[in-house]
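One structure is given below, encoded as structure tokens.
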Amino acid sequence: MTNASLSLSFNPAGIQLDPRQGLSRQLYQALRARVLDGRLASGTRLPASRDLAAALAISRNSVVRAYDQLYAEGFIEGRVGDGTYVAQLPQASLPVRKSSKKAPTQWLDLPVVVPDKVIHSGALRRVENNHLPTPPSGPPRAFRVGVPAFDLFPFEVWAKLNAAFWRKPDLQQLCYGAPEGDARLRGMIAAYLRSSRGMQCSAEQIVITSGAQQGISLCAQLLVEPGDGVAIENPGYRAAGHAFAVAGARLHGVAVDSEGIDCQALAGLGDCRLAYVTPSHQYPTGVVMSLARRLELLAWAERANGWIVEDDYDGEYRYSGAPLAPLAALDRQGRVLYVGTFGKVAFPALRLGYLVLPPALVDAFSQRRAVDVRHSEVSTQAVMAEFMAAGHFQRHIRRMRRAALSRRNTLLTGWPRDIAGVGSLPSVAAGLHLTVAVDSLARERELIEKADRVDVEINGLSSYWLPDSQEPEDQRAGLVLGFAAVPEAAISAALGRLQAAWRE
Ligand SMILES: Cc1ncc(COP(=O)(O)O)c(C=O)c1O
């Protein structure tokens, strides 16, 4: 032992242990943190286990267990007949320096330092600038957006099918599976889309995803090179924009008029070969894309040698007549990638959706998906396939459509009239939400705050616009209300509270 190492001493006074938690684990963590941040320098002699136990008023066993773990991980070393020392660790390569200004992580009390080269990574910066807000907490309230009437989901049926799957699982299915998804489920989805949505697609064109968001993200990963222009509706579904921006796209917000995305403006974007659209029910304005506009959009894709990502998130909900045929049903050139989800018919947390792809893209998409997650969890896919095969899915869609219609009517009937600055209600022919204009951004904020004070959740239309939008701020104001999330009685009660709060 050198004189230098002898002079290093260890003072256990700063170590606070919570007697209600595992003591050896806490001691291990405290010592480890001190080695990593330099408070315990290499060569420092640690007290004998008996002495440390006495100093901390814990059992010697707890100290021995903590030392054993530190020893096994190379943080300390023992010298026979001598004692226990902090190991010689190259100071420059310790992950954490004392001088770090970053906040400590909770569990280890370690400051997090990201080396300069990582901070400057384009990918990290893109995620920092393009991420989803934390979802609202608590059970759904009126008028949460994006949530169907999932209180009506037949959980008993689902539970039975799930139990049946696990009672006698097919062992082959429990190994790694096909990245494109369960073959039976793909067949069921294709049959459903052919019979209910007028799409001429085969099971081979379907790739199962973890919800619509992953479908959109896969399109971004595979069809966008960093620097490419991507057109998105403005206002629009910001989470889709984020997926493209994270892949390195430069987003172009394109206006939406009463027929859908403005195809002339789209054609004017020279550098753009991909457009993301919600034709069945534009999110969030609710505009249904006209046939003329659909044809124009398809012609643009052909001319630009480009792609259309069609997000049909709530296409099942149409309140007069049958659901509209998707854009993909009109596509003769293999330009449309159709994004579907079970989240708006079952419930969002199911995380089950699908893509319907031009045949030439299927292999690349499933290979890309395999690199990410290999494939979706097996029982959810198998149970959904059985749920569809046994007719529950179609029955459930009908039930959900009736419920959403009735909840929509409750909102339309009880909506507070003549509120200053609030435009008239639109007619709502489809979807699960509606949008009302408001005459200024300040008024939008005020109405939302007042609603929140009486426990009513409303989104501001202004939050659906891209930050660099050219439209005057006040023209971006409005209220977006989901009407399906809670039953009629809760909607009526919320409307009563709104009426009083807004008239104050
Ligand atoms: C336009 C749009 N697309 C996709 C989604 C998300 O679907 P999923 O939950 O399947 O990812 C939503 C959710 O609200 C949406 O509004």
Side-chain angles (χ1 to χ4, degrees), residues 131-136 140 143-150 153 181 185 189 206-221 230-244 246 251 253-254 256 260-261 275-289 308-318 324 326-328 337-356 369 372-373 376-377 380-381 384 397 400 404 428 430-435 457-461 463-466 480-485:
H131 55 263
L132 309 185
T134 315
F143 295 97
R144 183 164 301 176
V145 177
V147 181
F150 69 78
F153 189 70
L185 179 59
I189 293 171
I206 304 229
V207 170
I208 303 297
T209 62
S210 301
Q213 187 64 27
Q214 196 198 20
I216 299 165
S217 176
L218 281 169
C219 294
Q221 290 166 31
V230 163
I232 57 172
E233 298 163 330
N234 195 27
Y237 184 48
R238 294 293 306 281
H242 292 326
F244 290 111
V246 163
L251 300 183
V254 180
V256 177
I261 193 167
Y276 162 86
V277 286
T278 48
S280 301
H281 185 237
Q282 203 273 333
Y283 190 82
T285 63
V287 168
V288 178
M289 195 183 288
I308 300 168
V309 176
E310 173 180 27
D311 181 359
D312 199 19
Y313 66 108
D314 67 359
E316 280 86 8
Y317 294 92
R318 184 157 179 84
L324 296 183
L327 196 57
L337 296 90
Y338 176 92
V339 179
T341 178
F342 288 103
K344 309 287 175 200
V345 172
F347 49 93
L350 188 63
R351 306 314 305 144
L352 193 62
Y354 48 91
L355 285 161
V356 185
R369 191 158 188 275
D372 265 355
V373 292
S376 289
E377 189 273 328
T380 307
Q381 298 187 73
M384 182 55 87
I397 287 183
M400 292 294 268
V428 186
L432 298 171
H433 71 268
L434 59 82
T435 298
E457 198 175 300
I458 297 181
N459 284 359
L461 180 60
S463 67
Y464 293 78
W465 290 81
L466 287 175
V480 183
L481 295 101
F483 49 74

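Both ligands and their constituent atoms are indexed starting at 1 by order of listing. From a predicted model like this one, the values you see are computed outputs, not experimental measurements.
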Which atom pairs, donor and acceptor, lie under 3.5 Å between side-chain atoms of residues 235-242 and protein residues at least two apart or in another chain?
| from | atom 1 | to | atom 2 | distance (Å) |
| --- | --- | --- | --- | --- |
| Arg238 | NH1 | Trp465 | O | 3.1 |
| His242 | ND1 | Asn130 | OD1 | 3.4 |
| His242 | NE2 | His131 | O | 3.4 |

ring-ring contact (aromatic ring centres under 6.0 Å, His included) partners of Tyr313, counting only residues at least two apart: Tyr283
State whether a side-chain donor-acceptor pair under 3.5 Å links Arg369 with Gln214. yes
First-shell residues of ligand 1 [heavy atom, distance under 4.0 Å]: Gly146, Gly211, Ala212, Gln213, Tyr237, Tyr276, Tyr283, Asp311, Tyr313, Thr341, Lys344, Arg351
Does Glu310 use its side chain to pair, donor to acceptor, with the backbone of Pro279 at less than 3.5 Å? no
In Asn234, Thr435, Asn459, the residue satisfying side-chain hydrogen bond (donor to acceptor under 3.5 Å, both in side chains) with Tyr464 is Asn459
Which residues pass the ring-ring contact (aromatic ring centres under 6.0 Å, His included) test with Tyr338, not counting sequence neighbours? none
